[in-house]
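All heavy atoms count here, side chains included; hydrogens, waters and symmetry mates do not. Each chain gets a letter, A, B and so on, in the order the sequences are listed, and its residues count up from 1.
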There are 2 protein chains.
Amino acid sequence: MSGVGGDQPEIDGPQTDADDSSLGVRARSRARIEASIRKAAEEVFAEMGFEGASTSLIAKRAGLPKANLHYYFKTKNDLYQFVLRDIIELWLNTAQEIQPDADPATALAHYIGQKIDLARDRPIASRVFANEVLHGAPRFDRFMRQDLKDWVERKSAIIEEWIGRGKIDQIDPKHLFFMIWSTTQTYADFSIQIAAVLGRRELIESDYQLAAKQITHIILKGCGLKAPDA
Amino acid sequence: MSGVGGDQPEIDGPQTDADDSSLGVRARSRARIEASIRKAAEEVFAEMGFEGASTSLIAKRAGLPKANLHYYFKTKNDLYQFVLRDIIELWLNTAQEIQPDADPATALAHYIGQKIDLARDRPIASRVFANEVLHGAPRFDRFMRQDLKDWVERKSAIIEEWIGRGKIDQIDPKHLFFMIWSTTQTYADFSIQIAAVLGRRELIESDYQLAAKQITHIILKGCGLKAPDA
DNA sequence: GGATTGTTTGACCGGAGGGTTAAAGGATCG
DNA sequence: CGATCCTTTAACCCTCCGGTCAAACAATCC
């Protein structure tokens, strides 16, 4: 039906994002269309929120009639979930360097850098996520109460271990994550505000660089760490 | 018309919030009704965003028919501006302790504490603000490009002065403000996420206390400051 | 008290939005 | 080629929404 409900196995094969070859004409066109819908939907959801987004506007931006969009995604909610799933991936695939035997300063600096990169490269995805959480995460509960909670607990345990070994000040790891998330994502979610204060129309590369540098500096120093060699 | 357009002088008198006496029956009831509308509107705007909010739901929550709400506020946009104005006040009235001859550690600690208090006491207002900025601040530009920018420049100049006198590390003041804003407001805007990760239904007093303590600790230490005596 | 002005409310309007239908147009496979 | 399945699209339906209206009601002023 919707091609996304997950109840029928997707065509398998190499999982790289641009594997057009070795698929039939239809599968190929479906993949292209779904991608363009996703892009349009992400933009519109980010700009107007779930309620404000209209499927007809998404369809128009994706370059197809509304009825056709509803052929690929039965409901606006289905489409929204599809967009969210992608964004959740981004989230959970960060902080891989935070490992028990890593150097805390290096690992945290890397994580902060990664998060700032995301804010710069995928601000729209970040805004859809922020919007969802801001409005009470009604379509999102399981992710936060399970996947994300587990993620934080795993990573926090590592930081506790660092603390136990005296490699880092005694801080609360969870609140440290809240701090890193907020300081970095603010450059995506509230970039309009930051740009306005900086007197720009939009943020430029050096803004992100300075942000990453200063956030890293303050958080590392604040946790009793020295800047990594890199 | 709307009683809020500002084109007719409000009844003057003491400006405390609860000055019901010494007003006619009408002015008193108008004040009460506007307050209840504001509260309802703030909630609904925070929950659903501007587009998602319906005037009939706001009216219902305020306990009056929709047509009556439209008697007090001609359009949804008018009502929204009314709500936003209140929230902007909150913003600009913070950080009064950041003054040239104040002790940086004390002043920053106080500011952070004040911001966390706001996150705890007025999370709904904070969310309306966040939502507006998140969606490009279409109804908000002047505030950010003028009032807020000026505010930041004034406060940043003070911090520059601190730096010049060697009272604090050489950091970028504006990005320091972005850091303080984001770390504190995240406890209002994304409290659902934080609560979920902490395994709670909602944040409790000790969460805010720990947050304030740790944010203050990390930022002060990160800026080369010692915790204030207080 | 009577005129005037401010307030309340149910009914109404035009428009937009999410979603459906049905019929036509292509691809695929035997 | 013909049957089957997938895809496209205009037209349609129903609900909800922001906003208006007009008539009733209440406070205020002379």
Query raised in the report: Taking the inter-plane angle between the rings of F73(A) and F82(A) on a 0 to 90° scale, is it parallel (under 30°), tilted (30 to 60°) or perpendicular (over 60°)?
Result: tilted
Query raised in the report: Does K149(A) come within less than 4.0 Å of E153(A), counting only side-chain N to carboxylate O?
Result: yes
Report task. Return the nearest nucleotide to the side chain of Y71(B); candidates are dG18(D), dG6(C), dT20(C). Result -> dG6(C)
Requested in this report: Choose from dG18(D), dT8(C), dT20(C) the nucleotide whose nearest atom is closest to any side-chain atom of H70(A).
Outcome: dT20(C)
Query raised in the report: Heavy-atom contacts under 4.0 Å between residues 61-69 of chain A and DNA chain D, which residues?
Result: P65(A), A67(A), N68(A)
Query - Proximity to DNA chain D (any heavy atom under 4.0 Å), residues of residues 35-53 of chain B only - result: A53(B)
Report task. Tell me what I33(B) touches on the nucleic acid: a base, only sugar-phosphate, or nothing, going by heavy atoms under 4.0 Å. Result -> sugar-phosphate
Query raised in the report: Heavy atoms under 4.0 Å, any strand shown: does S29(B) hit a base, just sugar-phosphate, or nothing?
Result: nothing
Query raised in the report: When the ring centroid of W181(B) is compared with that of F129(B), is the distance short of 6.0 Å?
Result: no
How many whole angstroms separate atom [atom1] of [X] from atom [atom2] of [N]?
X: L79(A); N: dG17(C); atom1: CG; atom2: P; answer: 16 Å
X: K76(B); N: dG19(D); atom1: NZ; atom2: P; answer: 8 Å
X: D78(B); N: dG18(D); atom1: CG; atom2: P; answer: 14 Å
X: N77(B); N: dG18(D); atom1: CG; atom2: P; answer: 12 Å

**Report entry** Partners passing salt bridge (Lys or Arg N to Asp or Glu O under 4.0 Å) against K155(A) (at least two apart in sequence or in another chain)
**Finding:** none
Report summary line: By salt bridge (Lys or Arg N to Asp or Glu O under 4.0 Å), R145(B) pairs with (sequence neighbours left out) D141(B)
Query - salt bridge (charged side-chain N to carboxylate O under 4.0 Å, His left out) partner of D207(B), chosen from R120(B), R200(B), K213(B) - result: R200(B)
Query raised in the report: Taking OP1 and OP2 of dT7(D), is either one under 4.0 Å from a side-chain nitrogen or oxygen of R30(A)?
Result: yes
Query raised in the report: Under 3.5 Å, is there a donor-acceptor pair linking the side chains of Q214(A) and H175(B)?
Result: no
Query raised in the report: Of all residues at least two apart in sequence or in a different chain, which pass the side chain to side chain donor-acceptor pair (under 3.5 Å) check with H70(A)?
Result: none
Query raised in the report: Can you name the residues that form a side-chain contact (heavy atoms from CB on, under 4.5 Å) with R142(A), not counting sequence neighbours?
Result: Q146(A)
